[in-house]
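Throughout, a chain's letter reflects where its sequence line sits, starting with A, and its residues are numbered from 1. Because only heavy atoms are used, hydrogens play no part in the values below, and waters and symmetry mates are left out as well, while side chains stay in.
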Amino acid sequence: MAVHNRDIAEAFRRMADVLDVEGENPFRVRAYRQAAATLESLPRDVGDMVAAGEDLTRLPGVGEDLANKIREIVTTGHFRALEEELSHLPPGLADLVRIPGLGPKRVRALYQLLGIESIEDLKKAAEAGEVANLPGFGARTEARILEEIARLGATERRLRLIDAEHIANPLTSWLEACPGVGRVLVAGSFRRRKETVGDLDILVTAADGADVTRRFSKHPDVTEVLSAGPTRATVRVGGGFQVDLRVVDENAYGSAALYFTGSKAHNIELRKLAIRHGWKLNEYGLFAGE
DNA sequence: AGGCGGTACTG
DNA sequence: CAGTAC
DNA sequence: GCCT
């Protein structure tokens with residue numbers, strides 16, 4: 001059975017999760033995730049490239065090492081480095097870092113302090129109220145963990161663009177009518193008109209951000225407030241769809257619109273370009289370096 | 001060999 | 001301040 | 001881990 005890009009990407013992601021929990025160098029972890037993303041967006045089957053003897057290191061984020069690992073997976077169907085790493089950990093532990101709010105440090109704390117080895121274990125512990133007592137955790141974190149676990153079963157959370165639009169439009173009108181709000185722009189992948197949208201990134205200009213995020217958090221469609229501060233709020237609306245609201249000053253509108261429209265890869269290239277010119281680019285503007 | 005994005009919110 | 005997310 |  002042929003190995004496809006998707007399978008290799010999944011293996012690399014799994015490797016990243018395991019290394020993450022093991023406390024490996026975060027940049028090494030990121031390299032696996034980056035390569036996984038490259039493979040998934042690749043229009044060609046990497047197996048064909050291997051068969052044709054093509055140079056895999058030409059792919060962005062794929063160097064000598066990962067090219068060898070891709071070849072290994074394609075030709076043998078095995079990924080020995082992953083199997084090796086997995087033997088160091090309970091098999092279900094690495095899954096925990098996929099729960100939003102849980103990074104490698106918290107997962108290790110759960111494992112060491114409560115012996116939690118899987119999402120199943122975590123669910124039981126959280127239901128028993130044991131998680132809230134851990135250092136760095138609290139009642140709110142515990143509640144959120146349970147919600148995230150419940151969401152995990154639900155089928156893919158991405159929405160088709162048209163469905164995202166039906167959520168975005170009323171929110172946009174509502175924000176435009178909000179006192180103190182100037183411009184309103186739905187940025188992110190929605191603005192890039194991607195086929196599906198994972199969340200909504202709404203950019204707003206206002207002088208008093210805290211007031212806007214506070215009002216927004218009380219919008220009738222908001223079912224859950226994940227965070228809310230003076231410049232940003234993250235909420236979920238009916239159906240569990242995530243909406244990020246960012247508030248910037250009017251004079252940062254242009255750079256914020258650029259920044260929050262992305263894509264992430266595009267932003268990274270732009271930042272590099274700025275650095276090469278001795279400048280610094282962020283969501284607030286383009287500035288002279290240092 | 002040395003850098004790897006920069007900023008905001010929670011606990 | 002550490003951890004996490006974006 | 002990759003990239004410059």
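Among the heavy atoms of the strands lying under 4.0 Å from A:E64 are primed sugar atoms or P, OP1, OP2 only; no base atom is included. Counting any heavy atom pair closer than 4.0 Å across all strands shown, A:K69 reaches sugar-phosphate atoms only and no base atom. When heavy atoms are screened at a 4.0 angstrom cut-off, A:D244 is found touching the sugar-phosphate backbone but no base atom. The residue A:P100 sits close only to the backbone: its heavy atoms come under 4.0 Å of sugar-phosphate atoms, none of a base. As judged by a 4.0 angstrom heavy-atom cut-off over every strand, A:Q242 is placed among residues touching the sugar-phosphate backbone only. Backbone-only engagement by A:A228 is indicated by non-hydrogen atom pairs under 4.0 Å involving sugar-phosphate atoms exclusively. Among the protein residues, A:T57 comes within range of no part of the nucleic acid, since none of its heavy atoms lies under 4.0 Å from any strand. Residue-level contact check: A:P104 touches the backbone only, with heavy atoms under 4.0 Å from sugar-phosphate atoms and none from bases. Across all strands shown, A:L281 has no heavy atoms under 4.0 Å from either base or sugar-phosphate atoms. As judged by a 4.0 angstrom heavy-atom cut-off over every strand, A:F137 is placed among residues touching the sugar-phosphate backbone only.
Protein atom CD1 of A:I70 is 9 Å distant from nucleotide atom P of D:dC2, rounded to whole Å. Going from atom CD1 of A:I268 over to atom C1' of D:dC2 covers 12 Å, rounded to whole Å. A:L59 places its CG atom 15 Å from the C1' atom of D:dG1, with the value rounded to the nearest Å. In this structure, the CD1 atom of A:I99 is 11 Å from the P atom of C:dA5, given to the nearest Å. When rounded to the nearest whole Å, the span between CZ of A:R271 and P of D:dC3 equals 17 Å. Rounding to whole angstrom units, CZ of residue A:R144 and P of C:dG3 are separated by 17 Å. Summarising the geometry, the separation between CZ on A:R140 and C1' on C:dT4 is reported as 14 Å, rounded to the nearest angstrom. A:R13 has its CZ atom 15 Å from the C1' atom of D:dG1, to the nearest Å.
Between A:L226 and A:R30, it is A:R30 whose nearest contact on DNA chain B lies nearer the 5' terminus. Along DNA chain B, the nucleotide closest to A:Y259 and the one closest to A:T141 are compared, and the more 5′ of them pairs with A:Y259.
Only one option out of A:D221, A:V197, A:L200 pairs with A:I167 in a side-chain contact (heavy atoms from CB on, under 4.5 Å); it is A:L200.
If you chain together hydrophobic residues whose side chains sit under 4.5 Å apart, A:L152 and A:I116 fall into the same group. With hydrophobic clusters built from ILVMFWY side chains whose heavy atoms lie under 4.5 angstrom apart, A:I275 does not share a cluster with A:L270. A:L146 and A:V225 are not part of a single hydrophobic cluster, where members link through side-chain heavy atoms under 4.5 Å apart.
A:Q242 meets the side-chain contact (heavy atoms from CB on, under 4.5 Å) test with A:D199, A:L226, A:T234, A:R236, A:D244; sequence neighbours excluded.
Which of C:dC6, D:dG1, C:dT4 sits closest to the side chain of A:Y32 comes down to D:dG1.
Between A:E72 and A:R80 there is a side-chain heavy-atom pair separated by less than 4.5 Å.
One C1' atom belongs to C:dT4, the other to B:dG5, and the distance between them is 15 Å to the nearest Å.
Applying the 6.0 Å contact sphere to CZ of A:R193 captures more than 12 heavy atoms from other residues, nucleotides or ligands.
Taking the centre and axis of the six-membered ring of A:Y32, the NZ or CZ atom of A:R13 falls outside the cone set by 45° and 6.0 Å.
A nucleotide of DNA chain B counts as in contact with chain A when one of its atoms lies under 4.0 Å from a heavy atom; the first and last such, 5' to 3', are B:dC4 to B:dG11.
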